[in-house]
Every structure is written in C-alpha cells, then in structure tokens.
Undergrad: 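The structure follows.
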Amino acid sequence: MRKPCCEKNETNKGAWTKHEDQKLIDYIQKHGEGCWRSIPPAAGLLRCGKSCRLRWVNYLRPDLKRGNFGQDEEDLIIKLHALLGNRWSLIAGRLPGRTDNEVKNYWNTHLKRKLLQMGIDPKNHHIRPTTAKSFFSNNQERNSAEDNNTRVLDSMSGPHPESFAVSGLPDLNL
DNA sequence: AAGGGTGCCAACCGCACTTCG
DNA sequence: ACGAAGTGCGGTTGGCACCCT
C-alpha cells in the first residue's frame with residue numbers, strides 16, 4: 001500500500017488564505033513550478049505539494065480566464081465531451097485559460113442539466129426519445145433527431161464549423 | 001427575520017500513471 | 001525489470017451564498 005503523499009497532521013487543510021496564496025505565488029514566480037513536493041517547505045507553507053499544485057493550477061495561475069463561459073466555450077465542451085468523455089484535463093487543454101476543475105464543475109452544474117433539458121443523455125450524448133420529443137418540437141430544428149438514436153455533435157451551434165473535418169468531428173489534434 | 005433548500009465552486013481523496021534509481 | 005516516489009487526474013464533498021417560503 002502506498003504511503004500518503006504527505007503527513008496530514010502536519011499540514012493545513014481547507015480554504016487557502018491570502019497570505020498562503022501570496023507565499024505560493026512569490027515562490028513560483030521566483031523558482032518556477034518545479035517539484036511540487038519540495039515547494040511547501042521551501043515556500044514556508046504548511047500544505048502538501050498536491051494541495052499547492054491544485055491551488056496554483058486552478059486558481060492562482062496568471063493566465064486563467066475566470067468568469068462565465070461563453071457560448072462558444074460551452075459548445076466546445078459539449079462536443080469534446082461527446083468525443084472524449086470525462087477526460088477533463090484534455091477538454092480543458094482545448095480551452096485556453098480554463099482548468100480541468102473549472103470545466104468539470106461547469107459540466108456538472110450547468111451543461112449536464114442543459115443536455116437533459118434538451119433530451120440528450122449527458123453520459124453518451126444520445127437523444128433520449130421521450131424528452132427530446134418535447135424539446136425539438138418546440139425548437140423545430142431536429143425533427144428527425146430521435147431517428148436511430150442519432151448522435152448530437154452536429155446539433156450544437158458552434159461558432160467554428162470550419163474546424164470540423166468531413167467526418168463531422170473537429171480536428172482536435174489530441 | 002429566520003430557516004430550509006438548492007446551486008455553485010474550491011478543495012480533498014484515492015487511484016492510475018510516469019519517472020527514476 | 002522492478003519498486004518506490006512523485007505527479008496528474010477524475011470523482012466527491014464541504015461549506016458558503018443565494019433564493020424561496
């Protein structure tokens with residue numbers, strides 16, 4: 001059995017303070033992201049390396065966008081999720097300034113529900129005939145959508161249709 | 001005003017994968 | 001080739017904020 005990544009009784013847990021954030025930012029600006037395990041003692045933080053990495057990647061990194069997701073980002077997430085499943089880090093990699101945690105949270109809180117309302121199964125992106133019927137009858141867009149359990153990649157209103165290959169799948173260069 | 005319910009997001013946990021000696 | 005250590009990832013949870021009654 002693997003040892004825990006850090007001595008839990010010797011580290012802080014819970015929300016990060018501004019003071020801790022600043023220490024981590026200062027250290028990484030000086031020394032770079034290097035070895036996470038060595039960062040907490042070197043930076044004077046009572047946190048485990050994992051916690052530092054998570055805080056930096058999800059919150060402190062200077063290139064993070066934050067704020068609401070745009071329609072184009074939303075559509076891209078849905079398309080990528082249809083292709084990749086719950087590979088959040090891969091999906092986030094296609095969204096500049098977004099983190100896997102952010103994408104995952106957004107999916108679980110917004111997009112999942114949105115797809116369900118549209119009559120789409122968020123797990124496999126297949127049309128769910130019962131709910132889809134009412135949704136599409138309102139929208140008059142996909143009258144034949146429920147035929148043979150069609151995939152819905154092409155039903156999204158993505159802003160970059162030119163980026164899709166002939167097969168209907170985006171050129172993701174994964 | 002209060003309290004209960006719900007949604008959201010930051011952070012934790014544990015497993016899987018990668019790297020290194 | 002193998003095992004230990006380090007890192008990354010996805011699932012889950014805790015707690016705060018907001019809304020509704």
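The analysis underlying the following values was restricted to heavy atoms, covering all of them including side chains, and did not include hydrogens, waters or symmetry mates. Proteins come first, then strands; the chains are lettered A, B, ... in the order of their sequence lines, and each starts at number 1. Since the model is a prediction, treat every value here as computed from it, not as a measurement.
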Undergrad: With A:Arg55, which residues qualify under salt bridge (Lys or Arg N to Asp or Glu O under 4.0 Å), at least two apart?
TA: A:Asp21
Undergrad: Could you tell me whether the phosphate oxygens of C:dT7, OP1 or OP2, come under 4.0 Å of any side-chain nitrogen or oxygen in A:Arg53?
TA: no
Undergrad: Please state how far atom CH2 in A:Trp36 lies from atom C1' in C:dT7, giving the value in whole angstrom units.
TA: 11 Å
Undergrad: Using whole Å, report how far CH2 of A:Trp107 lies from C1' of C:dT12.
TA: 18 Å
Undergrad: Separation of A:Lys50 atom NZ from C:dG6 atom P, in whole Å?
TA: 13 Å
Undergrad: Ignoring hydrogens and angles, tell me if any N or O in the side chain of A:Lys23 forms a donor-acceptor pair with the backbone of A:Gly44 under 3.5 Å.
TA: yes
Undergrad: OP1 or OP2 of C:dG11 sitting under 4.0 Å from any side-chain N/O of A:Trp88?
TA: yes
Undergrad: How would you summarise protein contacts on nucleotides 6-11 of chain B per nucleotide, using B for base, S for sugar-phosphate only and - for none, with heavy-atom distances below 4.0 Å?
TA: -SSBBB
Undergrad: Under the ring-ring contact (aromatic ring centres under 6.0 Å, His included) rule, collect the residues that match up with A:Tyr59, sequence neighbours excluded.
TA: none
Undergrad: Could you tell me whether the side chains of A:Glu73 and A:Tyr106 share a donor-acceptor contact shorter than 3.5 Å?
TA: no
Undergrad: With a 4.0 Å cut-off on N to O distance, would you call A:Arg53 and A:Glu33 a salt bridge?
TA: no
Undergrad: Output the distance between atom CD (A:Glu102) and atom OG1 (A:Thr99), rounded to the nearest 0.5 Å.
TA: 4.5 Å
